[in-house]
Structure formats: C-alpha cells, structure tokens
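I have placed the structure first, in the form of structure tokens, so that the comments after it can refer back to it.
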Amino acid sequence: MQLLRAILTPLVAAAVLATAAPLVQAQNRGDDTLLEMHQAFRKGDRKKLEQLLPAARGHALEPWAAYWELKLRLGEASPAEIQAFLKRYAGTYQEDRLRNDWLLLLGQRRDWSQFAEQHPSYRMSDDKEVRCYALLIDTLKGTAPATAADEVRRNWYAQRDSDDGCTHAAGELYSYKQLTAHDVWRKARLAVEANRMRSARAAVEIVSPESSAQVKELMDSPTKYLQARATARGKVRQELVTLALIKLAQGDADNAATQLDNKWGVHLSPEERNWVWGVIGKQAAQRLSSDAVTYFGNVTKDSDLTDDLLGWKARAALRAGQWKVVRKAVEAMGDDARRDSTWVYWHAKAVLNGKPSDAERAEARQALESIASPRGFYEQLALEELGQRVVVPPAPAPLTAEEKAAARANPALNRALYAILLGIRGEGVREWNYATNLHTPGGMSERELLAAADFACQREVWDRCINTSERTKTVIDVNQRFPMPFRNTVVERAQGIGLDPAYVYGLIRQESRFIMDARSHVGASGLMQVMPATARWTAKKIGLTGFTPDQISDRDTNITIGTAYLKLALDDFAGSMPLAAAAYNAGPGRPRNWRNGPVLDAAIWAENVPFAETRDYVKKVLANTTNYAALLTGQPQSLRSRLGTVGPRDAASPVANADLP
C-alpha cells in the first residue's frame, strides 16, 4: 500500500479527479474494490459492476471503474448518460476510449449525424475502423479528400478480421466506383492467405454476392473445389480459382505449383498467376526450400506482388546469394516498405555486391548512413558497413527539475503507474501509451518523453521506461533504453557459468522488459520467461535440489534457471548466439532444422527465420546484447562478431545437450 501511495505526487493528488475525495482515503478503501471491478468487467458481470461502482467514487482509478461499468451496457445507454460520462471525465484516456467505443457503435447503427457530431472530439484517431466510417461520411457529404478511397483501401487491407467499418466503407466506395473490382478481389486474396474465411466472404459479397458461398467450399477443400471445375471462364471464376490456389498453396505449395503449371495457369491473367506464384514461393521460402527461388522466378512482374510476398522473395534470394533479385524485389516494394531499415540495408548490400557505378556506390553509402545508429539490428550492421562500431551515444542534456515535475504531475501518467502497480497492467499500459503518444497530436515532445520515461524508471516500471524512451528520434538516453536492474545478481550468475552478461541482459530485455511477474500466454514466467517443464528439466540438470515450480517466480531462482538454460542452449549450438536465442524463443528443435542448408552469414540466416516472432526476437536480442556490451565494458562493440555464420552442425562434433527441451 505504501508503494501505491508513493506513485501519486502531491501535485496530482487534488487533480486526478475534479470530484475526488482525499486520495489517500480513496486508496485505503478502494483498491480491493477496483480489483474486484476489474475481474467483473473481464467476466462481463454487469450487475456486480453496478453494485460496486459507488464504492469506487473518489478513488484515483475511478475513471476506469466508471468506464468498465458503462462499457458493458453501452448499447443500451442513453446519449445523455454517455455525454455525462464524457463531461465528467473530460480530458482523460477513459473519455476518449469511451468515445471510440461509441463511435464504433454509431457507425454500426449507421447513425451518421451523431457520428459526425462526436468525431471531431476524438483525440486518439488511431482506430482504422472509426477512420473508415469517417471517410465514408465525408464521401457521402461530398467533402472527402482526394485520397479517401486510397486510405479506406489501405486500412481495409491492413485489418485481418472482417470489421464493419472498413468493409462497409469499401462496399459503398465500390458502388460509387471509387474502388474497383480488382481492389476488392485483392482483399479476398489477402484474407484467404491469412486463413480468414469470414473476411474473405465479406469481400466476395461486395463484388459477387452470388459467389460468396463458394468461399467456404474452396477454403474447406481447395483440391476438391479445383477438381470440380474444368475451366475458369469469366473474371469471377478466375478469381475464385485464384483464391482456391492460394489456399492450396498454404498447405501444399508443391501441389499448387503443379496445378498452376499443368492446368490453371492458362486460365488466369498474368497478374493472377504472378500472385499465386508469389504465395507458392513464400510458402516454399518459409520451409527454407531451394524451390522458393524457382517458384518466385515464375513471377513475370514483381509489382504484381504485395510487399509481404516481395519480402519473402528477397529473403529467398538472399539465402541463394542472388543479389540482383534482392535488389529488384526491394525496388518493387511500396514506399513504406522500402524505407524500413531491413530493406534499406539489404538493398544497399545488393547494390554493393553487384558491379555498381560510382553513383550507385555513393547512393548505397548514403542509404546506409541514413539508418546507421546503435538503435537496432540493421542500424548497427549499417554502422559496421561504414567502418564504425557500436558505442554508447552521448547522453542528452540532463532533465531539469521543472521537466521532471511536469511528468510527475501528469494525471494520466500517475493513473497509469497506479494501475500497473496495482496489478491492472493492461489498462495501465494503454493509458500510459495514450498519455505519451496520443493525447496531443504527434504525442509528447522528446524532452517530455525523456521526463516520462524517467518517471517510470524511478518507479521501476521498466517496460514503460524503455518503450517511452525508445520513441525519441534525435537523442538516445541509453540508461533509460537499456537499464540494468539486479546488476550484481545477473552479472555474477552469468560470469559464474561462462555467459556474457550483456547477452543475458539482451535476452531479458526482450523477454520480459524486466517485469518481475511477467507471464506469457503459453505459461512462461518471470524475468527470463521460463516454462515450467523447462524449469524442472534445467533444475535437475544443474543439480538444483528441492526445486518446485512455484519457485520460478522468485527473482534469483528465475535468473539461475534462465541463465543455466541459455548456457546449455549456447553449448548445444557451439556458441552461436543467434541459434541459441532462436532456441530460447522457439525451442531447440526448430533452429536445429533451420540451420540445415548452405553456410550463411548469420544476418541472412536470421532474416530467413520462418516465424516472424522468432525472427524479430533473434535480431532484437543480438542488437540489445551489443548495446549492453558497450555499456558494461565502455568499449566499442561489433554486432557482426556476435553473429558469425550459421550452417549445418559439424557431424564430427558431439551433441552437447541432445535432450535440451
């Protein structure tokens, strides 16, 4: 309780709620009520929320209590009641969150007048579905920007599930001839590729309502669907066959290639064929099959592929050493993808690995310079391409007392920290992110972000400290971005078993952001996110007698077991940090298979990891490690030296830990 009281500063105690009772008094009587209401909200227990709400009045987190109670019955609430909530909690995250919910409800009801009245007050403006409704209303009024159809299409394509807002807006814009049939069929293809039948059917209903039932048929059994059709005459039939081939490719890429080669290719348009070949190539690339390059080679026009498919074409080409293909694939991507540091780096490398002219060489160097920094994996590799190393960047000017006081007096930041430390982490994180990113257009200034990050650091809420500080662009506060809690324990334990402490810190930062009670959806726990079965195996392996699963929540035990497992994985993979990191995230069996094939630069190997989560994880752990090494040693560091190469296990070398779980 004393810790919770310490979160809220004297300046904010009177300002958290305009109608608040004395804050300490509210805390004393209300924390249990808030936790009980949170559970009731998660269970959808409207009656209990209504009963408990009076007891939450005056509590620092009253806005959350009131939001939960009204949210569950929003569909039945009167406009006057909603307006009263918005007025009472004006300026808070909860006000804007409820307005977001209400705008979605008004859109679903097609209540365009109330929607138009409320939308200008919506501050977050980050909900794609709300944005699609707003663009549709502007189109109906004749005030839509010239880019409205493009924005609706982008938002619609980006949403995996079939939301009402963008689907309805797309249907209306199609009827107004502002979206084409091809635009709609592309959405259906994306949905089938993502295995989202509901979304695929919703798209097909727009462009060919009579065919929507066939989507279920082709999704359930694409082979049976294709066998029942001799030809694909007519545009609709062609598109449905295209969808069936995309679905087939996901489960059996080689069979889809045979079908496309031997039967269906002649019935499809070049653009349809290219898309299907792209999906087949992607599936082969994710299996790390050498056939991927051949399949992608059947694509006659790279611009027919999505950025995702082009990314997999580039990855397969990297694995095969086909630098010209890498270059062309990246050049066919959209502007946003080409600006991503991944493809900036690999495009520059592809140019330099060809026979560049002086102008091309200079352009490639300029591209590397544009991303080079200690910030991330490819940023660090770009530094090394330019002959530099990762060093600790200069610290920003110290925060002033006034800047720190302003962060400590921010009601939303205080509520967020209170919620997090009370155990309502999800809500606290959302309110914190709103306060730093969305409350004002463009979010907080860089100095404000540093002050907010400092506030979180001082309260040891390390994930908010790190994530907030990472948003600064012109300065880097390395101590905020790469904190080292429990330094003595981590360093002593790591060095005692022959591990680089920087590697351990790099992994913990990615695993849990130093959240002590972190628990993943699969049951991994603690700082190093150790699974119960892995903990038992590791404890036995290292002779940790008397271990019980509940001990994994203890900080020192978690570090002991997590570092031991990491060392065993590192030994199993002959000291390869990328492979051991992949094993820690995805289990050792997968990287044992992923390493088979040609010997690769580990950066190319990492970029070809089939699982997006593990691919991102490996790169971030290694980049984190390099930064932590610079901090711990005070010396320039090389990411590339930590990467090395990856290839098949040396058959002559004994397997270190064959039973590694």
Side-chain angles (χ1 to χ4, degrees), residues 286-288 490 492-501 503-508 510-512 518-597 599-600 602 605-606 608-611 613-615 617-618 621-622 625 642-661:
Q286 290 182 328
R287 299 198 319 269
L288 304 180
V490 171
E492 288 176 10
R493 175 61 188 166
Q495 291 178 340
I497 60 173
L499 268 180
D500 181 356
Y503 189 40
V504 177
Y505 266 121
L507 185 138
I508 295 175
Q510 188 58 29
E511 281 287 350
S512 68
R519 188 173 180 85
S520 76
H521 68 283
V522 294
S525 300
L527 287 175
M528 298 193 70
Q529 290 290 278
V530 183
M531 293 288 289
T534 302
R536 287 193 295 271
W537 179 88
T538 306
K540 183 177 180 181
K541 191 81 172 178
I542 64 175
L544 188 62
T545 57
F547 174 78
T548 57
D550 59 292
Q551 291 177 292
I552 199 63
S553 299
D554 174 73
R555 184 196 72 187
D556 290 352
T557 303
N558 192 278
I559 292 171
T560 295
I561 289 180
T563 52
Y565 180 84
L566 181 60
K567 180 63 166 65
L568 292 167
L570 198 63
D571 291 345
D572 188 70
F573 288 100
S576 170
M577 285 186 173
L579 282 167
Y584 201 97
N585 178 259
R590 293 186 177 98
R592 283 171 182 159
N593 290 328
W594 295 340
R595 72 185 299 180
N596 293 327
V599 176
L600 298 170
W605 177 84
N608 273 274
V609 168
F611 295 173
E613 177 190 327
T614 306
R615 183 167 63 252
Y617 179 91
V618 169
V621 167
L622 270 292
T625 299
R642 290 174 166 82
L643 291 172
T645 59
V646 172
R649 181 188 292 275
D650 183 354
S653 300
V655 177
N657 294 295
D659 58 340
L660 191 72

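- Here the closest heavy-atom approach between residue Tyr565 and residue Ala583 is recorded as OH-O, 4.2 Å.
- Contact record, Tyr617 with Glu511: OH-OE2, 2.7 Å, taken as the closest heavy-atom pair.
- Counting heavy atoms from C-beta outward, Val599 and Trp605 have side chains that stay 4.5 Å or more apart.
- Residue Arg493 holds its CZ atom at 10.0 Å from CD1 of Ile559, rounded to the nearest 0.5 Å.
- Rounded to the nearest 0.5 angstrom, Glu492 CD and Thr563 OG1 are separated by 12.0 Å.
- Other residues, nucleotides and ligands contribute over 12 non-hydrogen atoms within 6.0 Å of the CZ atom of Arg615.
- The distance from atom CG of Asn585 to atom CD of Gln510, rounded to the nearest 0.5 Å, is 8.5 Å.
- Across all non-hydrogen atoms, the minimal contact from Ile552 to Ala535 is CD1-CB, 3.9 Å.
- The shortest side-chain heavy-atom distance between Leu600 and Asn608 does not fall under the 4.5 Å cut-off.
- Scanning both residues, Arg592 and Arg595, for their nearest heavy atoms gives O-CG, 3.2 Å.
- Here the closest heavy-atom approach between residue Ile508 and residue Val490 is recorded as CD1-CG2, 4.4 Å.
- By the 4.5 Å heavy-atom criterion applied to side chains, Met528 and Ile561 are not counted as neighbours.
- Looking at heavy atoms from C-beta onward, Met577 lies in side-chain contact with Asp500 at the 4.5 angstrom threshold.
- In this structure, NZ in Lys567 is found 6.5 Å from CG in Leu499, a value given to the nearest 0.5 Å.
- In this structure, the separation between CG on Leu288 and CG on Asn593 is 9.0 Å, given to the nearest 0.5 Å.
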Applying side-chain contact (heavy atoms from CB on, under 4.5 Å), run through Phe547 and Thr557 and close with a yes or a no. CA-CA 9 Å; Phe547 174 78; Thr557 303; 4.0 Å; yes

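- Counting only residues at least two apart or in different chains, salt bridge (charged side-chain N to carboxylate O under 4.0 Å, His left out) contacts with residues 643-652 comprise Asp572-Arg649.
- Interatomic distance, CG of Asp571 versus CD1 of Ile497, reported as 9.0 Å (0.5 Å rounding).
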Please report the C-alpha distance between Tyr584 and Val621 in whole Å, then the side-chain angles of each, then the deciding distance to 0.1 Å, and finally whether the side-chain contact (heavy atoms from CB on, under 4.5 Å) criterion is met. CA-CA 11 Å; Tyr584 201 97; Val621 167; over 6 Å; no

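- When all heavy atoms are compared, the tightest approach of Pro588 to Phe573 is O-CZ, 3.7 Å.
- Sorted by first and then second residue, the side-chain hydrogen bond (donor to acceptor under 3.5 Å, both in side chains) pairs involving residues 523-544 (not counting sequence neighbours) are Arg519-Ser525, Trp537-Asp659.
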